[in-house]
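In what follows, a single structure is set out as structure tokens and then discussed.
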Amino acid sequence: MKLELVHLADENSQLTLKTREKDRDRDRETEASCHLLEAEQEIVQCLLLQASTDGSFLLGSEDVVNTRISLWWEQARAIVVVPFFKFLVALCLIMSVMYFVEVMYMGIVVAYVKLFKRKPEKVYKWEAMENDAECGSKSFPMVLVQIPMYNEKEVCEQSIAAACKISWPSNRIIIQVLDDSTDQASKELVRRECERWSREGVNITFEIRDNRNGYKAGALREGMKHCYVKQCDYIAIFDADFQPEPDFLHRTVPFLIHNPKLALVQGRWEFGNIPYTPSLILKFRFCYNKSHGIITVNADQCMMTRLQEMSLSYHFTVEQQSGGWNDQTTVEDMDVAVRATLRGWKLLYIHDLKVKSELPCSFNALRSQQHRWTCGPANLFRKMAGQIIRSENVSLWKKLYMLYSFFFMRKVVAHILTFCFYCVILPATVLFPEVTVPKWAAFYLPALITLFIAIGKPRSVYLLAFWVLFENAMSMLRTKALVMGLFETGRVQEWVVTEKLGDGLKTKLIGQVPNEHQVRFRDRVHFLELLLGVYLLFCGCYDIIYGKNKLYLYVYLLMQSAAFFVVGFGFVGK
């Protein structure tokens, strides 16, 4: 009993000591606050006394105000600003880890496919098509080839010619040119080209409409209303700058014939001056098979096209592994693919199915394209998220994949992380030494992600630093487009056709290709990019003068600032 009393007494004494320590800490904080207030009052009184003795009362009042503002700022900095930036840094660290895991996951999928040689022919049934001894060419399904166009005089001839040369029985194929051109010269050129191939025996039609409602999706939907379309089994769709190889249908149609649940066949973009091309094919009345296997004809035109090549190579080498047209967004191909998936159809990606195309050769064309490619998916995410959740035809795992991996991580987080973290928050840590970013998040993780992306195009590894700076500089445009798409504001439904040069690339000097050098200087300036360039330049100079960390962050800040100035003044692709 005595021992228990002793233990209780000890515990009570310990509690008493802890309570007294807390009281002392509280008293110290109160005393410190009082001292701070007293110090402020003393400073104010001294300044007022000085002002009254030398007669400069007005100047003394200004000093008092400045002192109060300085003290208020220090308090706001300690209580609001620094904690807020620490919260943003923590949020960006979480997103960085999430994005890194996503990139590594995609890499593992690609490695698995290549290691075990999971070719489409091994996964899906495929048999070469041949003329039947009894039925002849009637054993081949009827295919409609659609070519939507809008003021495409530079590429219309080669595109129509490539479609008309497709190897398929002439009585089992219809070429449908859907021309929305507002330029009469372009429209007349397309009409003459269609008439020329018609005289040579090709079953080709020239369809026009008096409006551009729904843009490309609207044109494709109108094309489906013609009576001759009802006899078709499959639809192949080629953008105006696509040039399919003659064996395109022979390589794709068998997958659709022998696999009833397969709705879409997609290829990848390949870049370089390699003469090989296909485009897209779809199951009639439901969805299409769009081949994005693209071989660009101008990847080596300038550094801007080389940097685009690096980004798109990663997209089609890595990301793409893992019922009718709707004009609700400007990404009609992604929209129809999502809706096909929600109805239980399967989609096929063929890595070695390629199509020749053309990268944007002017910076304004690239900006318009990137705006559409970012705003469109974000707007589609807004409109389709509820349908994905409510769908009964897909598994829970596929729903999670579509919502989290396909949309949220790749179309939302990737853009927000690049702009907010690397262009805004990381530079701000120079101004607020209390806010620190771990080395693994500032350097190691981004370096691993960048190197992994570079694997897709090893010939351009020496441009890696320029690619990083350029992608960061473009992140402001993409983030702005992302916000427009998610909140459906501004230019969310805008569609600016990407400028093309077609055969002009073979005859014009590189310096003569873009007409952008004739545009007035003020029309090339992008003020938001210039403003961010000034911000990064200030942070870099501040780090050089006052910086106490040993990360040498100013090197990155000054280089990134220069990149934003180059983009802001429109000197890209020159």
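Both backbone and side-chain heavy atoms feed into the values below; hydrogens, waters and symmetry mates do not.
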**OP:** Apply salt bridge (Lys or Arg N to Asp or Glu O under 4.0 Å) to E222 and K225, showing your working.
**Re:** CA-CA 5 Å; E222 286 295 317; K225 295 180 180 179; 3.0 Å; yes
Original post:
After noting the C-alpha distance and the side-chain angles of K165 and W197, does the key distance pass the side-chain contact (heavy atoms from CB on, under 4.5 Å) rule?
Top reply: CA-CA 10 Å; K165 292 178 182 178; W197 284 101; 3.9 Å; yes
Do any N or O atoms from the side chain of [X] and from the backbone of [Y] form a donor-acceptor pair under 3.5 angstrom?
X    : Y    : answer
K187 : S181 : yes
N379 : C375 : no
T252 : F248 : yes
Q370 : L477 : no
S475 : N472 : yes

Please tell me if the side chains of [X] and [Y] come closer than 4.5 Å, counting only heavy atoms from C-beta onward.
X    : Y    : answer
M129 : P141 : yes
D180 : R209 : yes
R212 : Y150 : yes
I160 : I204 : yes
I173 : L249 : yes
K411 : L380 : no
R339 : W345 : no
M409 : Y105 : no

What is the distance from atom [atom1] of [X] to atom [atom2] of [Y], rounded to the nearest 0.5 Å?
X    : Y    : atom1 : atom2 : answer
L262 : K346 : CG    : NZ    : 8.5 Å
I449 : Y444 : CD1   : OH    : 15.5 Å
F452 : T450 : CZ    : OG1   : 12.0 Å
K399 : R390 : NZ    : CZ    : 10.0 Å
Q146 : I237 : CD    : CD1   : 5.0 Å
H250 : E130 : NE2   : CD    : 10.0 Å

Determine, for [X] against [Y], whether the closest basic-nitrogen to carboxylate-oxygen distance falls under 4.0 angstrom.
X    : Y    : answer
D179 : R191 : no
E471 : R478 : yes
R196 : E193 : yes

Over all heavy atoms of both residues, which pair between [X] and [Y] is shortest? Give the atoms and the distance, please.
X    : Y    : result
C164 : V202 : SG-CG1, 3.8 Å
I175 : A163 : CD1-O, 3.7 Å
L445 : S96  : CD2-O, 3.7 Å
H415 : T479 : O-OG1, 3.5 Å
M402 : T341 : SD-CG2, 3.9 Å
N151 : T182 : OD1-N, 2.9 Å

Original post:
When you look at NZ of K153, are more than 12 heavy atoms from neighbouring residues, nucleotides or ligands closer to it than 6.0 Å?
Top reply: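 Count not over threshold, so no.
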Original post:
More than 12 non-hydrogen atoms from neighbouring residues, nucleotides or ligands closer than 6.0 Å to CZ on F487, yes or no?
Top reply: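 Check fails, neighbour count at 12 or below.
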Any side-chain donor-acceptor pair under 3.5 Å between [X] and [Y]?
X    : Y    : value
N393 : S391 : no
N203 : S170 : no
T205 : Y228 : yes

Original post:
What do the steps show when you test K480 against F419 for side-chain contact (heavy atoms from CB on, under 4.5 Å), and what is the final call?
Top reply: CA-CA 10 Å; K480 182 181 176 182; F419 174 68; over 6 Å; no
Original post:
Out of V394, L342, L400, which residue meets the side chain to side chain contact (heavy atoms under 4.5 Å, CB included) rule with I388?
Top reply: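 Result: among V394, L342, L400, L342 is the only option passing the side chain to side chain contact (heavy atoms under 4.5 Å, CB included) with I388.
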Original post:
Only one of M149, K216, E152 forms a side chain to side chain contact (heavy atoms under 4.5 Å, CB included) with D239, so which one is it?
Top reply: K216
**OP:** Check the angle between the aromatic planes of Y401 and F406 and answer parallel, tilted or perpendicular using the 30° and 60° thresholds.
**Re:**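 The arrangement is tilted - the two ring planes meet at 30° to 60°.
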Original post:
Parallel, tilted or perpendicular for F407 and F381, by the 30°/60° rule?
Top reply: parallel
Subject >> Derivation of the side-chain contact (heavy atoms from CB on, under 4.5 Å) call for M98 and Y404 >> reply: CA-CA 11 Å; M98 292 168 60; Y404 175 79; 3.6 Å; yes
Subject >> Verdict with reasoning, L189 to R192, per side-chain contact (heavy atoms from CB on, under 4.5 Å) >> reply: CA-CA 5 Å; L189 183 61; R192 288 203 306 267; 3.6 Å; yes
